[in-house]
Amino acid sequence: NFGNAIAVDSSGNVIVVGETRSTDFPLQNAAQSTCSPANQINNFSCAVTPISNCVGTEPSPDAFVTKLNSNLSGLVYSTYLGGTEFEAANGVAVNSAGEAFVIGSTSSFAAQSFRGICGPSIPDNSLPFPVTGNAFYSGPATNGASGGYAFLARYSKTGALEYSTYFGPELAANATENGLTAGRAIALDRQGNVYITGSTNTTDFLATIPGTSTSECNHCNDGIHDDAWVAKLNLNNSGSSQLIYNSLFGGGLNDDPSAIALDFENNAYIAGSTTSTDFPTTAGSLQPIFPGPPTGQAGFVAKLNAAGT
């Protein structure tokens, strides 16, 4: 079990998110009460054994969201969150209504069929990441999807799953996607808008800022190097209209954000790490030149205005 982020609501209750492989993880008022199922298929006998994805020869964790009371003496709610493959919750923020907003990463997609020596006819009982009817993007309905997506979820103050969506490149049916889009951190503004940040190495991930052209990840052609992304959403809207902006930035190597914060004018500040010697810097900044050897790593701080530029 790994706790990756924490937030405290106005009543002093504590919300912790992370990842777990425990089939006996402590639950209370759970929106998802089991670690997601899968079929374990023997490569030699082709025998199929139903299992939890938290156990078996290649266990994959589910995310968890847990809310404790203010004196840490009991659970208000505690739940799994995930599909058959890997999930990790990496960030959490809470609003004045006590709703918890969770950002993370998932590699659970539409149901697959086993493609080993047993042939493609044996379903592996895969479950996609659970999304709600008001999702920004319901996910790739394709067996060609691999890699990973970011996810965004919202829980009520009592633990009901009110909203859940994939976030990443929108793929047509039966498209192939091998890139990784990860969700790392989250913040909320006073108007209730949600700001999320992470990294991506897929050229199918598009930056969208109103009034400008849509662009692809500039440095993701090899599917290895990451650019950073920052998105702002209004979850009161429906479908694609939830996206206010989605901005990409980075250099030629890996750019990985890990934290985000807002000021009173809704400018977004992002902190992370980079190995890009050509990471974009601005005139007059504290350290505009990569500080170490070309094979080294540096921290970065970036500021986006309220329009996402």
Side-chain angles (χ1 to χ4, degrees), residues 1-36 52-55 59-83 86-106 129-132 134 150-165 182-198 233 235-236 257-264 266 268-271:
N1 305 307
F2 295 91
N4 295 333
I6 191 170
V8 180
D9 69 16
S10 59
S11 299
N13 300 303
V14 179
I15 299 98
V16 181
V17 301
E19 59 197 91
T20 181
R21 290 187 174 93
S22 299
T23 56
D24 58 350
F25 190 81
L27 303 174
Q28 179 74 25
N29 300 320
Q32 179 179 326
S33 58
T34 59
C35 192
S36 301
S52 163
N53 77 317
C54 287
V55 298
S60 296
D62 267 3
F64 71 82
V65 183
T66 296
K67 180 177 181 179
L68 299 96
N69 61 25
S70 58
N71 59 13
L72 305 183
S73 63
L75 297 173
V76 178
Y77 66 79
S78 184
T79 185
Y80 293 105
L81 174 61
F86 171 88
E87 275 84 28
N90 298 317
V92 61
V94 61
N95 66 12
S96 58
E99 294 173 312
F101 295 73
V102 182
I103 181 74
S105 302
T106 178
F129 182 81
V131 297
T132 52
N134 55 344
F151 71 76
L152 171 64
R154 183 184 71 210
Y155 288 86
S156 73
K157 65 185 299 182
T158 57
L161 182 61
E162 299 177 325
Y163 177 91
S164 183
T165 187
R184 300 295 188 195
I186 189 168
L188 308 174
D189 68 20
R190 291 173 296 166
Q191 293 74 40
N193 298 305
V194 182
Y195 298 72
I196 53 177
T197 187
L233 299 99
L235 303 189
N236 293 322
S258 56
I260 185 169
L262 307 173
D263 64 19
F264 283 104
N266 294 339
Y269 299 80
I270 301 94

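When a residue number appears, it is its place in the shown sequence, counting from 1.
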Between Ser22 and Asn1, the two heavy atoms sitting closest are OG-OD1, 2.9 Å
Taken to the nearest 0.5 Å, the spacing of Thr106 OG1 from Phe86 CZ works out to 8.5 Å
Result for side-chain contact (heavy atoms from CB on, under 4.5 Å) between Tyr155 and one of Val17, Leu161, Ile15, Val94 points to Leu161
Whether Asp9 and Lys67 form a salt bridge (side-chain N of Lys/Arg under 4.0 Å from carboxylate O of Asp/Glu) is what I want to check.
yes
Taken to the nearest 0.5 Å, the spacing of Thr79 OG1 from Leu27 CG works out to 6.5 Å
So CZ of Phe2 and CG of Asn90: to nearest 0.5 Å the spacing works out to 12.5 Å
Please determine whether side chain to side chain contact (heavy atoms under 4.5 Å, CB included) holds for the pair Tyr163 and Asn134, giving the CA-CA distance in whole Å, both sets of side-chain angles, and the decisive distance to 0.1 Å.
CA-CA 7 Å; Tyr163 177 91; Asn134 55 344; 3.5 Å; yes
Measure from the side-chain N and O atoms of Gln32 to the backbone N and O of Gly82, and report whether any donor-acceptor pair falls under 3.5 Å. yes
Any luck finding a side-chain donor-acceptor pair between Gln28 and Ser78 under 3.5 Å? no
Here the gap from Phe101 atom CZ to Leu152 atom CG, rounded to the nearest 0.5 Å, amounts to 8.0 Å
Checking Ile103, Val102, Thr165 against Phe151 for side-chain contact (heavy atoms from CB on, under 4.5 Å), the one that qualifies is Val102
When rounded to the nearest 0.5 Å, the distance separating CG of Leu262 from OH of Tyr269 is 9.5 Å
task = Could you give me the CA-CA distance, side-chain angles and deciding distance for Val16 and Leu68, then say whether side chain to side chain contact (heavy atoms under 4.5 Å, CB included) is met?
result = CA-CA 8 Å; Val16 181; Leu68 299 96; 4.2 Å; yes
In this structure, CD1 of Ile196 is separated from CD1 of Ile186 (nearest 0.5 Å) by 6.5 Å
